[in-house]
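Below is one structure; the comments refer to it alone.
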Amino acid sequence: MLAGCASTVFSKNVQQPNSANRIAFLALGDGGYHTDYPKTKHILNPKTKAEFIAAEKKDWIADHRPLEEFSHAPIYVYPETNIATEQGGAIAVGKAMATLCASELCQFAIQLGDNIYPDGADANDGKDDQKRMDDLILKPLQPLFAQQPDLVVYSALGNHDWKTSRKGVALQTEWMATQPNFYMEERGYYSYKQGTEGNDVEFFVLDTNMLLSGQHYYEIPLRSDGSEQGLAAALASGEAEIEDIERHEVPINGEDHKQLAWLANGLKNSTAKWKIVYGHHILWSIGGSKYDEGHVLRRLILPELCEYADAYIAGHEHDLELLTDDCSRVLPGNKKAKLPLIISGAASKMRGKHTPFSEQQEKRYPEYDLIWSKSFTWGFAYIALNNQDDKLQVQFYSTPSSGSGELVKEQAFSFEHRSD
């Protein structure tokens with residue numbers, strides 16, 4: 001693809017819609033976790049199940065979350081040891097998606113980053129990267145591919161995919177190039193179209209880790225009531241910590257700025273009926289630990305999304321969320337409908353909400369609105385673009401923490417088509 005083009009023509013099993021009236025797809029994020037690939041600290045500093053839960057509770061309280069809301073992910077204990085870690089839900093979510101797509105139209109899927117935990121490919125753990133990617137990316141989705149051999153997953157990169165090295169990122173994109181069911185362009189951001197002319201959608205896939213790595217920002221802890229404190233106060237108290245960006249993550253030759261220009265030009269010049277942007281990192285969320293990144297990413301891309309896009313889809317938070325931004329802050333006088341913000345980052349890991357933080361966000365930011373959420377769950381989103389009534393429909397699904405793979409229907413929502 002030429003650098004300035006807004007879309008890509010694929011020869012790689014692009015599955016076109018069966019009907020011009022409906023484009024339907026799965027959205028899953030943060031699915032690349034399995035207990036066979038643990039964090040090093042969980043092995044070097046092992047904890048029993050009781051110790052693991054106690055540490056989770058300690059962190060929960062330190063984050064000023066209500067103790068009565070404390071919970072945790074299912075716990076896995078390694079065989080013949082007492083070493084505990086978080087259980088993964090990728091296999092269960094894969095089964096649940098296959099169940100859904102046996103009865104509903106699933107034309108393709110989007111993968112929202114953190115496809116490989118904990119350190120991406122090229123991790124220094126003595127394990128074979130080909131097997132790592134087969135285990136973490138391919139295996140959970142095999143039930144889906146078994147019933148739909150031509151289904152393609154269009155993938156984005158996340159912060160864990162970038163964790164170890166640029167070589168690790170390259171290994172993942174090279175692996176996907178050999179897989180008939182996966183697609184990701186070498187540079188990490190790209191666009192593609194689905195549907196028929198006049199009733200089509202153009203997706204813009206971002207490498208948000210690259211965008212954030214080009215910025216200078218701080219992690220600032222919340223106040224005890226869940227509200228944000230200012231940078232000056234946090235610096236004065238010594239609580240502000242500059243975001244730790246590894247040398248290999250720093251953008252080269254302005255590649256982050258090129259990506260932003262590509263997005264702006266692509267959205268503005270797109271001829272597709274629908275325009276949807278997705279990437280790993282959130283713009284808003286209720287988790288209480290990613291808001292510093294949200295501030296930065298909103299500054300970088302929200303004006304263009306508000307002006308041209310129909311939705312933004314992200315992972316990063318290990319839960320299911322639906323929020324909106326009315327765009328009044330970045331586009332004063334905006335007449336368009338609110339921008340839907342869909343978070344589907346529960347494909348393998350779980351996380352709880354920060355209720356005081358969520359309440360403070362509602363008070364402080366009139367443009368923001370939390371529509372629905374479900375925490376401490378495994379699940380995914382199913383999104384349909386209905387060209388008969390010009391509605392974007394999102395249905396959330398979960399699956400039990402037992403690992404059964406049962407499909408549980410959650411809430412459904414509908415939004416007006418908003419792009420020109």
Side-chain angles (χ1 to χ4, degrees), residues 8-32 34 89-113 115 133-156 172-173 175-185 190 192-196 199-203 205 274 276 278 313 315 320 342 344-348 378-387 392-399 403-410 412:
T8 302
V9 177
F10 297 111
S11 60
K12 188 176 182 180
N13 294 335
V14 174
Q15 186 178 3
Q16 294 299 329
N18 298 333
S19 168
N21 290 328
R22 196 159 180 263
I23 302 171
F25 58 96
L26 302 165
L28 64 145
D30 303 75
H34 191 278
I91 299 298
V93 171
K95 291 178 182 177
M97 289 191 294
T99 298
L100 173 69
C101 295
S103 59
E104 294 286 347
L105 179 66
C106 297
Q107 294 160 317
F108 55 99
I110 66 173
Q111 190 173 41
L112 301 166
N115 312 316
M133 290 182 279
D134 288 347
D135 287 347
L136 297 180
I137 306 177
L138 177 60
K139 187 176 180 179
L141 300 181
Q142 282 179 328
L144 193 59
F145 300 147
Q147 67 186 30
Q148 288 188 233
D150 292 332
L151 186 139
V152 175
V153 179
Y154 297 95
S155 300
Q172 185 176 158
T173 58
W175 178 88
M176 287 191 173
T178 70
Q179 302 294 318
N181 297 109
F182 289 90
Y183 189 90
M184 184 195 296
E185 288 199 8
Y190 59 99
Y192 61 97
K193 289 184 179 180
Q194 292 278 2
T196 57
N199 284 316
D200 54 352
V201 54
E202 185 163 13
F203 290 92
V205 187
W274 301 85
I276 293 178
Y278 66 91
I313 309 172
L320 303 173
I342 301 165
S344 180
S348 188
W378 293 323
F380 62 95
Y382 176 72
I383 300 168
L385 307 176
N386 190 323
N387 283 310
L392 182 154
Q393 299 160 330
V394 53
Q395 171 72 62
F396 290 97
Y397 290 91
S398 65
T399 190
S404 66
E406 176 189 354
L407 182 68
V408 179
K409 194 172 187 178
E410 301 289 351

Heavy-atom closest pair, residues Val205 and Ala156
CG1-CB, 3.7 Å
Which distance, rounded to the nearest 0.5 Å, do you find between the CE of Met176 and the OG of Ser155?
3.5 Å
For Gly315 against Leu112, the heavy-atom pair lying closest together:
N-CB, 4.0 Å
Could you state the interatomic distance from CG (Leu144) to CG (Leu28), rounded to the nearest 0.5 Å?
9.0 Å
Output field: ring centroids Tyr190/Tyr183 closer than 6.0 Å:
yes
Would you please name every residue forming a salt bridge (Lys or Arg N to Asp or Glu O under 4.0 Å) with Asp200, sequence neighbours left out?
none
Exercise: identify the closest heavy-atom pair between Gly195 and Ile23
CA-CD1, 4.0 Å
Of all the heavy-atom pairs spanning Lys95 and Ser404, show the shortest one and how long it is.
CD-O, 4.2 Å
Residue pair Gln111 / Ile137, side-chain heavy-atom distance below 4.5 Å:
yes
Going from CG on Leu141 to CZ on Phe182, what distance comes out if it is rounded to the nearest 0.5 angstrom?
5.0 Å
Can you list everything that forms a salt bridge (Lys or Arg N to Asp or Glu O under 4.0 Å) with Glu410? Sequence neighbours excluded, please.
Lys374
When you compare the side chain of Ile110 with that of Ile276, does any pair of heavy atoms fall below 4.5 Å?
no
Take Tyr397 and Leu320 through the side-chain contact (heavy atoms from CB on, under 4.5 Å) test and state the conclusion after the steps.
CA-CA 9 Å; Tyr397 290 91; Leu320 303 173; over 6 Å; no
Intermediate values then yes/no, side-chain contact (heavy atoms from CB on, under 4.5 Å), Leu385 and Leu392:
CA-CA 5 Å; Leu385 307 176; Leu392 182 154; 3.7 Å; yes
Ring centres under 6.0 Å, that's the criterion: do Tyr192 and Tyr154 meet it?
yes
Could you tell me if the side chain of Phe380 sits less than 4.5 Å from the side chain of Leu407, heavy atoms only?
yes
Taking every heavy atom of Pro140 against every heavy atom of Ile91, the minimum-distance pair comes out as CA-CD1, 3.9 Å
For the residue pair Met133 and Gln172, what are the closest heavy atoms and their distance?
SD-CA, 3.7 Å
How long is the gap from CD1 on Ile342 to OH on Tyr278, to the nearest 0.5 Å?
13.0 Å
